[in-house]
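Below you'll find the structure, written out as C-alpha cells, and then a few comments.
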There are 2 protein chains.
Amino acid sequence: MAGKAARPAKPVRQRLAPEARAELILQQALRLFADQHYSAVSVRDIAEACGINVGLIYYYYENKARLMQRVLEHTLAELHRRYDAGQGLSAAEELKAWLRMHAALAPMLVRMAKIMFDYSASQPKDAVIGKLIAGFYQKEQMFLETCLARGIAQGEFTVVDVTKTARLFSLQLDGIFYAVQARSDGQIKNDIEVLCALVDSPALSRKR
Amino acid sequence: MAGKAARPAKPVRQRLAPEARAELILQQALRLFADQHYSAVSVRDIAEACGINVGLIYYYYENKARLMQRVLEHTLAELHRRYDAGQGLSAAEELKAWLRMHAALAPMLVRMAKIMFDYSASQPKDAVIGKLIAGFYQKEQMFLETCLARGIAQGEFTVVDVTKTARLFSLQLDGIFYAVQARSDGQIKNDIEVLCALVDSPALSRKR
C-alpha cells in the first residue's frame, strides 16, 4: 500500500449497527467476567468498557444474569458450530480433530472455563444458566461417547468402557483449561497433543 | 454411654490455647476463601467467623496475603504428609495409593483447588504465594515422574514418556477437582478409580 505508514489513532467512538453493538457488548462482557469475576463485574462496568450508556445494555438484556446467559449461549454456539468439523473422517481422526479444535479456540475457551467456574461458586443461582452449563457437559460427553462407540464398532478402537473413557477425555480438557489459569503455564497445544497421542496409543487404538 | 441423649448446645465461645486458635483461624480462612472468593473475603470476615477480635488475627498474620500463604502451606503440608504412604509398594500400587489418597482428602482438596484458582486470577500478585502454588505442581509432577520411571525400570510399566504421562495424570486430577465445582457433580471417587484402572490398563501396565 502506498502512502504514509498508518499511525495508531486515538480510538473514535463509532455509531455501530445494532447487531455489531450487541456483539460488542457480549465480547466485552465475556472479557470482563473472565478477567475479573462474575460477581465483581457490574452492568455499568460493561457499559463503560463498550463506551455506551448503561441504559442501552438494559435495553438488550434485562439484567446481569440474562447478559451472562447470552454470553454463554454465544460462546457455546461458536464452539458447537465446530463439532461437525470431523464428519466423514475415521473415528480416531474425528476425535483428534475435535480435540485440536479446542486448541484453536483456546483464547475463547479459557475465558469460558473461567466464567463457568466463577459462576458455579456465585450466589444466587440462575436456573437457565445452570441448564446451559449442564447442557454443555452433556453435549461434550455425548459427542465423545458417540465417537468412541463408532470407533469400537468399526474395529478401530479397542473395546473400552465408552462412558468412562468419554468422561476421562472430558475431565482432561477441564484440567487443561483449569491449568492455564491455576498454573499460569500456557501449554494447551502440547497438552492436547498428548491427548491425541493417547487416541493413537494401545490404550485405545487397535492399530499396531 | 449412660445418661440422657446429648442435646445440641448453643456454641459457647471458648478460650482456646494459642495453637488451637491459630488452627481455627486457618480452618475458617480456608472455608471462607473457598466458599466465597479470595478477593471478597476480608480479615474481619474471618475474625467474625472465628468469634475473635480482628486484632488477634493481625497479631498472628501480618495481612490477608500472609494469612492466605499460611492456609496454603498448612493444606499442602497435610497433603504432602501422605505422599510417602505407598513406600515399599510396587510402582503401580504406589501410584494407585497416591491417587486414592486424593479421594480420601477430597473435601480439603476441593477447597484448595478453588482458592488456588481464584487466587491466580486476583490482583495484586504475591510472590510467596505464587511460589507455593508452583512448588505444589512441581512436587506433584516429580512424584509422578519418579513413580513412573521406577515402574518402567522395574519392567512393571511399558516404556512411556515419563514427563508427558506424569502431566497427563496431574491434569486429570486438576480436571476432577475443577469438575466438582464447575459441573456440581461430586464424582471424585469414581473419577479417581478410572485413573487407577488406567494404571492397570495396557496403556501403562505390562501385565496382561
Please list, in residue-number order, every residue in [range] that has a heavy atom less than 4.5 Å from any heavy atom of chain B; write 'none' if there are none.
{"range": "residues 62-73 of chain A", "result": "none"}
{"range": "residues 128-157 of chain A", "result": "I133(A), Y137(A), E140(A)"}
{"range": "residues 27-40 of chain A", "result": "D35(A), H37(A)"}

Counting heavy-atom pairs under 4.5 Å with chain A, which one of Q123(B), K114(B), R183(B), M116(B) comes out on top?
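Max contact count across the listed options: R183(B).
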Under 4.5 Å, counting heavy-atom pairs only, tell me which of A197(A), A113(A), A179(A), S120(A) racks up the most with chain B.
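Going by pairs under 4.5 Å, I would pick S120(A).
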In terms of heavy-atom contacts, does OH of Y60(A) have more than 12 from other residues, nucleotides or ligands at under 6.0 Å?
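Buried by this count: over 12 neighbours within 6.0 Å.
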Would the number of heavy atoms belonging to other residues, nucleotides or ligands and lying under 6.0 Å from OH of Y59(B) be above 12?
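12 or below, so no.
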How about D174(B) and D174(A): do any of their side-chain heavy atoms sit closer than 4.5 Å?
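When only atoms from C-beta onward are counted, D174(A) and D174(B) do not touch, as no gap falls below 4.5 Å.
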Using residues 95-105 of chain A as the side-chain source, report each donor-acceptor pair under 3.5 Å to any protein atom, sequence neighbours left out, with the distance given to one decimal.
from    : atom 1 : to      : atom 2 : distance (Å)
K96(A)  : NZ     : E93(A)  : OE2    : 3.1
K96(A)  : NZ     : D200(A) : OD1    : 3.2
K96(A)  : NZ     : D200(A) : OD2    : 2.8
R100(A) : NE     : E193(A) : OE2    : 2.8
R100(A) : NH2    : E193(A) : OE1    : 2.9
H102(A) : ND1    : W98(A)  : O      : 2.8

Between Q172(A) (side chain) and L171(B) (backbone), is there a donor-acceptor pair under 3.5 Å?
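Checking the backbone N and O of L171(B) against the side chain of Q172(A), no donor-acceptor pair under 3.5 Å is found.
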Using heavy-atom distances under 4.5 Å, tell me whether T165(B) contacts chain A through its side chain, its backbone, both, or neither.
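The answer is neither part of T165(B).
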Can you label the angle between the F117(A) ring and the Y178(B) ring as parallel, tilted or perpendicular, going by 30° and 60°?
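Rings of F117(A) and Y178(B): parallel, as their planes differ by under 30°.
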Working to the nearest 0.5 Å, report the span between CG of L195(B) and NZ of K164(A).
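Nearest 0.5 Å value for the CG-NZ distance: 12.0 Å.
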